[in-house]
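Shown next, in structure tokens, is the structure this report addresses.
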There are 2 protein chains.
Amino acid sequence: MSAPDRTVRAKGSTRHDHIVEDIRSLIVDGCWPPGSQIPVETELAERYGVSRMTMNKALGQLAREGFLVRRKKSGTQVAQPRAESAVVAIADIRDEVRNSGRAYRFHLLARRVRAAREEDALLLGSPPGRAEVLWLQGLHLADDHPFCLETRLINPEAAEGATGQDFGDLAPGAWLLEAVPWSVASHRVRAVNATAAEARLLALPVGEACLEIVRRTQAAGAWVTGVRLLYPGSEHQLVANFGPEAGDGPVRS
Amino acid sequence: MSAPDRTVRAKGSTRHDHIVEDIRSLIVDGCWPPGSQIPVETELAERYGVSRMTMNKALGQLAREGFLVRRKKSGTQVAQPRAESAVVAIADIRDEVRNSGRAYRFHLLARRVRAAREEDALLLGSPPGRAEVLWLQGLHLADDHPFCLETRLINPEAAEGATGQDFGDLAPGAWLLEAVPWSVASHRVRAVNATAAEARLLALPVGEACLEIVRRTQAAGAWVTGVRLLYPGSEHQLVANFGPEAGDGPVRS
DNA sequence: GCCTCAATTATGATTAGACATAAAGGAGGC
DNA sequence: GCCTCCTTTATGTCTAATCATAATTGAGGC
């Protein structure tokens, strides 16, 4: 059995990938109903003609994705779909504009270095310290048409060189990506009515529904930046394609 | 070396999990800057005192999460953070209400069996067939206060027994979960202004910004249901905690 | 100097074997 | 009958070894 088998197999896909897809379709198509017990690892391994390790990898992946529930001794069951939950992606603004075939441009509206205030907690999530902050406001443009209004606070201590940067037409997000490479962020998405000032900047009627995304970014323990992105609701949307629950997804730090 | 090592280790965490966390913090804290070459598998394995397979599992996971880029021969590099992208979770309505400590209730407003129309394509994503559809509208209530307005189409052919169900106070989503267990769905999130009718039902001012989630569900190739959920923007929000990009995330079928 | 091709090398996949762990189920004692 | 303890069993983790694959590197030919 040490000879690798040469049976036809979808090009570029591995053995356990193939098994994962096969079992997933058995579940989604209803052949294996929720709650049903599925054969034990060793039997499935034999049936697919692979080792138990490979089968384990495939079943483990399906369990992480939420399709299977595995317990020692009890064996493996098809999961009960828990809830109508899902996961949507927030894209990078520049990528999003360019992917829609339009020209991207950033235009700085205002820029100030000032002491931190109480109201900044909205963007930072925590009560602001005594330090100075860099406050920015700018527009992301698609074909020179307003696409997204950005209001941002930057911690000059965490982002070296931020106060020396003028952000004339370089989006602060893009600059921060270079300056403070790895970071973790938390996000919040809401719908809000555009205020008069916001509506004017985005060339919208006052009160127009907008998608608001607030992102707070940390690196090495300190807050780096807090940003509020305001998208005209008519123009922007988040999209996701999805099966069961999020599983453990990416990072949780 | 066949004796399992008994070095102290975070309780409940496996060896590769421990390594994953360790390396992730090296990256996030900036000790390993983006683009830098990291030691080869064999050396890291030796350094952590594990086999190459275990090291491979850890590095493979970090690569799936987007922290590392691995290429044959070239070795493994710390990834360049690509973009300010992220992923947010859409929770199940009932879970969400209950998790906020309020009582959940569903209240059916209208129910109709009728022929499919052109306008239904908005909820289905595809031009409707010639068949009949079940049309429903109802309110999700939190402590008897409007929380979410649901407008739904159901395919009676794909969801057996749907026409016989009256949905008096059972949310169609919950019922469908039982009747058509496994399915895949696509989602779209937007901000919209409440129309007069919607505002009245949700007890909001006309024009109030609302979060609109449209979900289209398929199972075994046929469309099962299309639903539009309308949340008062002031009350509802999506939240995510996140590191790098989505990786490959959950399912893509 | 430049191109081609083969050797090298790091990651990727797979396997068989071993031990760990948790839980179900049954045997035995009371 | 009921409780306790031990055996059984299925999954979980880890290892060492092997082959596969892709890309870089360098040697040789022109």
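Residue numbering restarts at 1 for every chain, and letters A, B, ... go by the order of the sequence lines.
- Look at A/H16 and you'll find a side-chain N or O under 4.0 angstrom from OP1 or OP2 of C/dT14.
- Counting to the nearest Å, the P atom of D/dT9 and the CD atom of A/Q37 are 15 Å from each other.
- Between the CE atom of A/M55 and the P atom of C/dA13 there is a distance of 17 Å, rounded to whole Å.
- With rounding to whole Å, B/H18 atom NE2 is found 12 Å from D/dC14 atom P.
- Shown here are the ring-ring contact (aromatic ring centres under 6.0 Å, His included) partners of B/Y48, two or more places apart in sequence or in another chain: there are none.
- Between the P atom of C/dG17 and the CE atom of A/M53 lies a distance of 14 Å, rounded to the nearest Å.
- When the C1' atom of D/dG12 is taken as reference, atom CD of A/Q61 falls 16 Å away, rounded to whole Å.
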Atom pairs under 3.5 Å: protein N/O with N/O of nucleotides 7-12 of chain C:
from	atom 1	to	atom 2	distance (Å)
C/dT9	O4'	B/K73	NZ	3.4
C/dT11	OP1	B/E41	N	3.4
C/dT11	OP1	B/T76	OG1	3.3
C/dT11	OP2	B/E41	N	3.0
C/dG12	OP2	B/R70	NE	3.4
C/dG12	OP2	B/R70	NH1	2.3
C/dG12	N7	B/R52	NH2	3.4
C/dG12	O6	B/R52	NH2	3.0

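- Taking atom CD on A/E46 and atom P on C/dA16, their separation rounds to 11 Å, with Å as the unit.
- Residue B/D17 contributes atom CG, which lies 13 Å from atom C1' of D/dC14 at whole-angstrom precision.
- Residues passing the ring-ring contact (aromatic ring centres under 6.0 Å, His included) test with B/H16, sequence neighbours excluded: none.
- Under the salt bridge (charged side-chain N to carboxylate O under 4.0 Å, His left out) criterion, A/D22 pairs with no residue at all, not counting sequence neighbours.
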Step-by-step salt bridge (Lys or Arg N to Asp or Glu O under 4.0 Å) determination, A/E150 to A/R228: CA-CA 6 Å; A/E150 168 168 339; A/R228 175 174 184 264; over 6 Å; no
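- Within the structure, the salt bridge (Lys or Arg N to Asp or Glu O under 4.0 Å) test picks out no pair touching residues 154-164 of chain B (sequence neighbours left out).
- Atom CZ in B/R15 sits roughly 18 Å away from atom P in C/dA18 (whole-Å rounding).
- Pairs engaging residues 39-52 of chain A under the salt bridge (Lys or Arg N to Asp or Glu O under 4.0 Å) rule: A/E41-A/R52, A/E41-A/R70, A/E43-A/R47 [sequence neighbours left out].
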